Amino acid sequence: MSDAPDLRFRSDMTVELVKHSAADTDVLWAARVSTAGEQSLDELEKDPERSRGLINFLMRDRHGSPFEHNSMTFFISAPLFVFREFHRHRVGWSYNEESGRYRELEPVFYVPDASRRLVQEGRPGKYRFVEGTEKQHRLVTESLEDSYRRSYEAYQGMLAAGVAREVARAALPVGLYSSMYATCNARSLMHFLGLRTQHELARVPSFPQREIEMVAERMEEHWAGLMPLTHAAFNANGRVAP
């Protein structure tokens, strides 16, 4: 067997907006066709306050379909356990993830940094996370790195012995980084953000795992830049998707 490659350890998430067709005017165009017929974008932009009010009305009264006439595609790199949570979101989403059947998987693994709260207190359904001690953080780092080294050595050993990639990958843990393209519209993204972020403006509390929240926060930053009126209405109405 050849020398195993050096393992890489990360605590961050990659979220890149790779393409989009998404603007507040998409919402206005879709909504106003029901009362005014086809309109040009110039007509839609003539009265900014009216446009702001219409988007807020649609959000407040949960008229959701006008928020679906747009598209955003993100490139995301995160640990496998984040993707397993991500794929629970199915309505309005499309995914393509790298395949361990067709390529040798890179040795990149998740190790939480010092900002990650490690200790869970309280019973299921009513708990909180608190800071870990220096000793606990050291234990997590050393234990994960050791486990990752052993699992990747086992993976490499099976590949070197001629075992198929789709079988050998079973040795790899959920802390392995994967990558995918995820495509959604604003309505499906709002549903995702309502569940996967904890926010002071949220009408309905949510308790996401921190790692998927890190991804969600980056996605929200991109979306807010593309559709500022829609994002503002989302926040003003308790971050409840229409």
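Since this is a predicted model, take the numbers as computed values, not measurements.
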- Counting only N and O atoms by type, is there a donor-acceptor contact under 3.5 Å from the side chain of N235 to the main-chain atoms of L201? no
Verify whether one side chain among E220 and H231 offers a donor that lies under 3.5 Å from an acceptor in the other.
yes
How are the rings of H69 and W29 set relative to one another: parallel (under 30°), tilted (30 to 60°) or perpendicular (over 60°)? perpendicular
Any donor-acceptor N/O pair, D113 side chain to S11 backbone, under 3.5 Å: no
When you compare the side chain of M13 with that of I76, does any pair of heavy atoms fall below 4.5 Å? no
Take atom OH in Y181; do more than 12 heavy atoms of anything else shown fall under 6.0 Å from it?
no
Review point. Are V215 and L17 connected in a single hydrophobic cluster, I mean Ile/Leu/Val/Met/Phe/Trp/Tyr linked by side-chain heavy atoms less than 4.5 Å apart?
Key: yes
To the nearest 0.5 Å, atom OG of S94 lies from atom CE of M180 at 11.0 Å
side-chain contact (heavy atoms from CB on, under 4.5 Å) between M72 and F74: does it pass, once the steps are laid out? CA-CA 7 Å; M72 294 164 278; F74 298 90; 3.7 Å; yes
The reported gap from OH in Y95 to CZ in R90 (rounded to nearest 0.5 angstrom) is 9.0 Å
side-chain hydrogen bond (donor to acceptor under 3.5 Å, both in side chains) between R239 and T197: does it pass, once the steps are laid out? CA-CA 10 Å; R239 294 176 67 88; T197 60; 3.1 Å; yes
Checklist entry - Side chains of F109 and E145: closer than 4.5 Å at any heavy-atom pair? => result no
Does M227 reach the side chain of I55, with side-chain heavy atoms less than 4.5 Å apart? no
Value for SG (C184) from CE (M190), rounded to nearest 0.5 Å, stands at 10.0 Å
- Item | Side chains of T183 and T73, donor plus acceptor under 3.5 Å | yes
Between the CG atom in L105 and the CD atom in Q156, the distance rounded to the nearest 0.5 Å is 10.0 Å
On a heavy-atom basis, the closest approach of S188 and G92 is OG-O, 3.1 Å
Partner of E211 under salt bridge (charged side-chain N to carboxylate O under 4.0 Å, His left out), picked from R10, R218, R116, R196, is R116
Looking only at heavy atoms, the pair that brings S151 and A171 closest together is CB-O, 3.3 Å
So do the side chains of R62 and V240 get within less than 4.5 Å of each other, counting heavy atoms only?
-> yes
Does some side-chain heavy atom of Y155 sit less than 4.5 Å from a side-chain heavy atom of P107?
no
* Is there a donor-acceptor pair under 3.5 Å between the side chain of R84 and the backbone N or O of V82? -> no
Original post:
Considering only heavy atoms from C-beta outward, does the side chain of P112 approach that of V140 to under 4.5 Å?
Top reply: yes
message: Can you confirm whether N237 sits close enough to P242 that some side-chain heavy atom of one is under 4.5 Å from a side-chain heavy atom of the other?
response: no
- Query: If two hydrophobic side chains count as joined below 4.5 Å and joins carry through other members, does L195 share a cluster with W93?
  - Reply: no
dist L80:CG -> L172:CG (nearest 0.5 Å) comes out at 8.5 Å
Taking it one step at a time, do R32 and L54 satisfy side-chain contact (heavy atoms from CB on, under 4.5 Å)?
CA-CA 9 Å; R32 288 180 178 165; L54 175 56; 3.3 Å; yes
When every non-hydrogen atom of E106 is compared with those of L176, the smallest separation belongs to O-CD1, 3.3 Å
Taking it one step at a time, do E213 and R210 satisfy salt bridge (charged side-chain N to carboxylate O under 4.0 Å, His left out)? CA-CA 5 Å; E213 185 178 37; R210 178 54 189 154; 2.9 Å; yes
* Asked: Using the ring of each side chain (for Trp, its six-membered ring), is H87 parallel, tilted or perpendicular to F83, with breaks at 30° and 60°?
  -> tilted
task: Give the cluster check for L189 versus L226: same hydrophobic cluster or not, with ILVMFWY residues linked at side-chain heavy-atom distances below 4.5 Å.
output: yes
If you count the non-hydrogen atoms of other residues, nucleotides and ligands that lie under 6.0 Å from CZ in R103, is the total more than 12?
-> yes
Query raised in the report: With the 4.5 Å side-chain cut-off for hydrophobic clustering, are V119 and F207 part of the same group?
Result: no
- request: Mark yes when over 12 heavy atoms from residues, nucleotides or ligands other than R52 sit less than 6.0 Å from its CZ; otherwise mark no.
  value: no
Shortest non-hydrogen pair, L159 vs A168, comes out as CD2-CB, 3.8 Å
* Asked: For the ring pair F234 and W223, is the centre-to-centre distance below 6.0 Å?
  -> yes
- Out of curiosity, does F75 fall in the hydrophobic cluster containing Y177 (side-chain heavy atoms, cut-off under 4.5 Å, transitive links)? no
Would you say the side chain of E121 lies within less than 4.5 Å of the side chain of R128, judging by non-hydrogen atoms? yes
Minimal heavy-atom distance between G194 and S206, with the atoms involved, is O-CB, 3.5 Å
Rounding to 0.5 Å, atoms CD (E85) and CZ (R88) come to a distance of 8.5 Å
*Would a distance-only check, ignoring hydrogens and angles, find a side-chain to backbone donor-acceptor pair under 3.5 Å from N185 to R187?*
yes
Go through the steps for E142 and K135 under the test salt bridge (charged side-chain N to carboxylate O under 4.0 Å, His left out), then give the verdict. CA-CA 11 Å; E142 293 174 354; K135 182 178 180 180; over 6 Å; no
What one should report as the nearest heavy-atom pair of F192 and M219 is CE2-SD, 3.9 Å
Inset, instruction - Please say whether more than 12 non-hydrogen atoms of neighbouring residues, nucleotides or ligands are located less than 6.0 Å from CG in N96. - result: no
Could you check, using the six-membered ring where one of them is a Trp, whether Y148 and Y110 have ring centers closer than 6.0 angstrom? no
- Ignoring hydrogens and geometry, is there a side-chain-to-backbone donor-acceptor pair from E98 to S179 under 3.5 Å? yes
